[in-house]
Enquirer: 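I have a structure here, written as structure tokens, and I will follow up with some questions on it.
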Amino acid sequence: MLIDGHNRKVDYLRISVTERCNFRCQYCMPEKPFSWVPHENLLTYEELFAFVKVAIDEGVTKIRITGGEPLLRKNIDVFINMIANYAPHIDLAMTTNGYLLHECAKELKKAGLQRLNISLDSLKSEVAHHIAQKDVLAKVLQGIDTALEVGLKVKINCVPMKGVNDTELVDILEYCKSKNMEVRFIEFMENAHANVKKGLNSQEIQEILKQKYDFIKNERTGSSPSQNYTCEDGYRFGIIEPHLDDFCNDCNRIRLTAEGYLIPCLYFEDALSIADAIKQKDIPQAVSILQKVLQNKPEKNNWNDQQQELSQRAFYETGG
Ligand code: SAM
Ligand code: SF4
């Protein structure tokens with residue numbers, strides 16, 4: 001079992017398989033980074049998988065493939081299949097912008113992927129275009145339909161932003177309800193890379209939704225980052241509230257980048273590399289680095305502290 005320095009059980013690994021992306025979302029990567037990590041510095045699937053095995057053997061039970069845009073990494077289904085074959089009991093999911101999903105949803109399902117979180121910030125094509133800086137909506141909606149058709153479980157991620165998509169929250173919820181998908185509204189997390197004036201906090205999101213729905217707050221169970229709410233008709237949605245003081249109380253997550261950095265927290269820049277240990281097949285060393293990173297895991301993020309400098313961490317590196 002993996003326990004961090006604050007006595008929290010860590011059983012969830014998120015792997016960012018590439019920092020590259022085909023969108024330029026205002027809240028994440030509004031501009032192309034000065035340079036990309038060179039391809040030769042990326043861990044191969046075999047190397048990533050060697051660490052995945054270490055993590056699973058040490059107690060990880062949930063794995064999410066993310067990015068950048070994970071569907072840009074060639075043959076991602078091969079990597080998924082390696083994990084699914086090694087540990088069929090693992091909860092195996094992916095977060096994607098959905099743009100390339102129509103073409104590959106079937107292969108992903110066949111490879112052993114169970115669940116998808118798909119980002120959808122607007123149902124208006126000009127607003128989606130403004131956010132992603134590309135005409136994306138039609139392809140994303142097609143990708144969502146295909147994913148559902150092939151039997152993948154889908155949740156929708158939406159980042160509400162003042163004056164951008166805040167008038168659409170009810171429509172987005174209705175759309176998700178009509179397709180039997182849970183929506184999760186994510187509070188915008190301020191960071192040095194983003195180009196967003198203001199995100200909506202959980203209270204503001206709830207006030208907008210309350211104009212149309214009656215809902216109750218569910219009791220929190222497990223370590224899901226999402227606070228769930230249930231509407232009168234039984235529909236459930238979530239809000240991810242990283243600005244709340246107790247958000248990190250039961251954080252169970254650790255992140256691995258495509259270059260092999262293990263990152264203990266989405267907010268801070270700390271990281272240790274497992275790349276050399278994995279390339280040298282030194283498994284005890286990889287375990288020891290993993291344990292060190294867990295000991296370094298901060299108690300909580302600083303998003304609720306206005307006095308702090310902006311987080312320098314890029315979401316496209318960590319995968320969110
Ligand atoms: N490219 C994929 C996607 O967009 O779904 C996966 C990577 S993306 C970094 C993962 C999630 O992080 C997305 O749902 C995105 O909306 C969210 N995200 C990115 N930047 C964010 C920010 N500044 N605040 C809140 N959520 C953010
Ligand atoms: Fe790309 Fe996802 Fe970041 Fe948007 S949120 S720029 S799709 S990595």
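When a ligand or atom number is given, it counts from 1 through the structure's own listing order. All residue numbers refer to positions in the sequence shown, counting from 1.
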Enquirer: Within the 4.0 Å heavy-atom shell around Glu69, which atoms of ligand 1 are there?
Expert: 1 (N), 2 (C)

Enquirer: So, does His193 use its side chain to make a donor-acceptor pair with the main chain of Phe315 at under 3.5 Å?
Expert: no

Enquirer: Give the atoms of ligand 1, by number and element, whose distance to some non-hydrogen atom of Asn157 is under 4.0 Å.
Expert: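 Taking each heavy atom of Asn157 in turn, ligand 1 has 14 (O) under 4.0 Å.
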
Enquirer: Closer than 3.5 angstrom, by distance alone: can the side chain of Asn81 be matched with the main-chain N or O of Ala111 as a donor-acceptor pair?
Expert: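 It does hold such a pair.
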
Enquirer: Go through ligand 2 atom by atom and flag the ones less than 4.0 Å from a non-hydrogen atom of Cys21.
Expert: 1 (Fe), 6 (S), 7 (S), 8 (S)

Enquirer: State, with a plain yes or no, whether a side-chain heavy atom of Thr66 is found less than 4.5 Å away from one of Ile15.
Expert: no

Enquirer: Looking at OG of Ser16 and CD of Glu69, how far apart are the two atoms once the value is rounded to the nearest 0.5 Å?
Expert: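 Between Ser16 OG and Glu69 CD, I get 10.5 Å after rounding to 0.5 Å.
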
Enquirer: Counting only nitrogen or oxygen atoms and a 3.5 angstrom limit, does Cys21 reach ligand 1?
Expert: no

Enquirer: Classify the contact between Glu187 and ligand 1 as side chain, backbone, both or neither, using a heavy-atom distance cut-off of under 4.0 Å.
Expert: backbone

Enquirer: Would you check if atom 4 (Fe) of ligand 2 lies under 2.8 Å from any N, O or S atom of Cys25?
Expert: yes

Enquirer: Return yes if some donor-acceptor pair links the side-chain N/O of Arg8 with the main-chain N/O of Gly5 below 3.5 Å, else return no.
Expert: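 It does not hold such a pair.
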
Enquirer: With atoms numbered from 1 as shown, which atoms in ligand 1 lie under 4.0 angstrom from a non-hydrogen atom of Cys28?
Expert: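 With Cys28 as reference, the close atoms of ligand 1 come out as 19 (C), 20 (N).
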
Enquirer: Using 30° and 60° as the class boundaries, would you call the ring planes of Phe237 and Phe185 parallel, tilted or perpendicular?
Expert: perpendicular

Enquirer: What atoms of ligand 2 come closer than 4.0 angstrom to any heavy atom of Phe23?
Expert: 6 (S), 7 (S)

Enquirer: Under 4.0 Å from a heavy atom of Ile186: which atoms of ligand 1 are those, numbered in the order shown and with their elements?
Expert: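 By the 4.0 Å cutoff, the relevant atoms are 25 (C), 26 (N).
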
Enquirer: Judging by distance only, is a nitrogen or oxygen of Asn117 under 3.5 angstrom from one on ligand 1?
Expert: no

Enquirer: Is any side-chain heavy atom of Leu256 closer than 4.5 Å to one of Leu13?
Expert: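 Side chain of Leu13 against side chain of Leu256, heavy atoms only: contact under 4.5 Å found.
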
Enquirer: Among all protein non-hydrogen atoms, which one is nearest to atom 11 (C) of ligand 1, and what is the separation to 0.1 Å?
Expert: Thr95 CG2, 4.2 Å

Enquirer: Return the closest protein heavy atom for atom 4 (O) of ligand 1 as residue, atom name and distance.
Expert: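 Answer for atom 4 (O) of ligand 1: Ser119 OG, 3.3 Å.
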
Enquirer: Determine the sole option in Arg64, Arg14, Arg115 for which the side-chain hydrogen bond (donor to acceptor under 3.5 Å, both in side chains) test with Thr95 is passed.
Expert: Arg64

Enquirer: So, do Tyr267 and Lys300 sit near enough that their side-chain heavy atoms are less than 4.5 Å apart?
Expert: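 A side-chain contact under 4.5 Å is absent here.
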
Enquirer: Atom 3 (Fe) of ligand 2 and Cys28: any N/O/S contact shorter than 2.8 Å?
Expert: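 Yes, Cys28 qualifies, because one of its backbone or side-chain N, O or S atoms lies under 2.8 Å.
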
Enquirer: Which protein non-hydrogen atom lies closest to atom 16 (O) of ligand 1, naming both residue and atom, and how far is it?
Expert: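 Looking only at protein heavy atoms, the one closest to atom 16 (O) of ligand 1 is Tyr27 OH, 3.4 Å.
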
Enquirer: With a 3.5 Å cut-off and no angle check, do the side chains of Asp11 and Asn252 form a donor-acceptor pair?
Expert: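 On atom types as modelled, these side chains qualify, holding a pair under 3.5 Å.
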
Enquirer: Of all the atoms in ligand 1, which lie at a distance below 4.0 Å from a heavy atom belonging to Asn191?
Expert: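 Here the atoms of ligand 1 in question are 23 (N).
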
Enquirer: For ligand 1, which atoms sit closer than 4.0 Å to a heavy atom of Thr66?
Expert: 6 (C), 7 (C)

Enquirer: Just to check, does Gly68 reach to within less than 4.0 Å of ligand 2 when the distance is taken from its heavy atoms?
Expert: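 Per 4.0 Å heavy-atom rule, Gly68 contacts ligand 2.
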
Enquirer: Ring-plane angle category for Tyr86 and Phe49, please: parallel below 30°, perpendicular beyond 60°, tilted otherwise.
Expert: perpendicular

Enquirer: Look at Glu107 together with Lys109 and state whether they make a salt bridge at an N to O cut-off of under 4.0 Å.
Expert: no

Enquirer: How far is atom 24 (N) of ligand 1 from its nearest protein heavy atom, and which residue and atom name does that atom have?
Expert: Met189 N, 2.9 Å

Enquirer: Tell me, please, whether Tyr99 has Lys139 positioned over its six-membered ring: NZ or CZ under 6.0 Å from the ring centre and within 45 degrees of its axis?
Expert: yes

Enquirer: Once you restrict to heavy atoms under 4.0 Å, what part of Phe315 touches ligand 2? Side chain, backbone, both or neither.
Expert: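 None of Phe315 does.
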
Enquirer: So if I count the atoms of ligand 1 from 1 in the order they appear, which ones are less than 4.0 Å from some heavy atom of Gly68?
Expert: 1 (N), 2 (C), 6 (C), 7 (C)

Enquirer: What I'd like to find out is whether the side chain of Val164 reaches to under 4.5 Å of the side chain of His130, using heavy atoms alone.
Expert: yes

Enquirer: Among Asp121, Asp166, Leu169, which residue satisfies the side chain to side chain contact (heavy atoms under 4.5 Å, CB included) criterion with Pro160?
Expert: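 Exactly one option meets the side chain to side chain contact (heavy atoms under 4.5 Å, CB included) with Pro160, and it is Leu169.
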
Enquirer: Going by the order shown, which atoms of ligand 1 are within less than 4.0 Å of some heavy atom of Thr96?
Expert: 2 (C), 3 (C), 5 (O)

Enquirer: Show the atoms of ligand 2 that are less than 4.0 angstrom away from any heavy atom in Tyr27.
Expert: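 Near Tyr27, meaning under 4.0 Å from one of its heavy atoms, ligand 2 has 5 (S).
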
Enquirer: Looking only at protein heavy atoms, which one is nearest to atom 9 (C) of ligand 1, and how far off is it?
Expert: Phe315 O, 3.5 Å

Enquirer: For atom 10 (C) of ligand 1, which protein heavy atom lies nearest, and how many Å away is it?
Expert: Gly319 O, 3.4 Å

Enquirer: Quick one: look up the protein heavy atom nearest atom 12 (O) of ligand 1 and list residue, atom name and how far away it is.
Expert: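 Result: Gly320 CA, 4.1 Å.
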
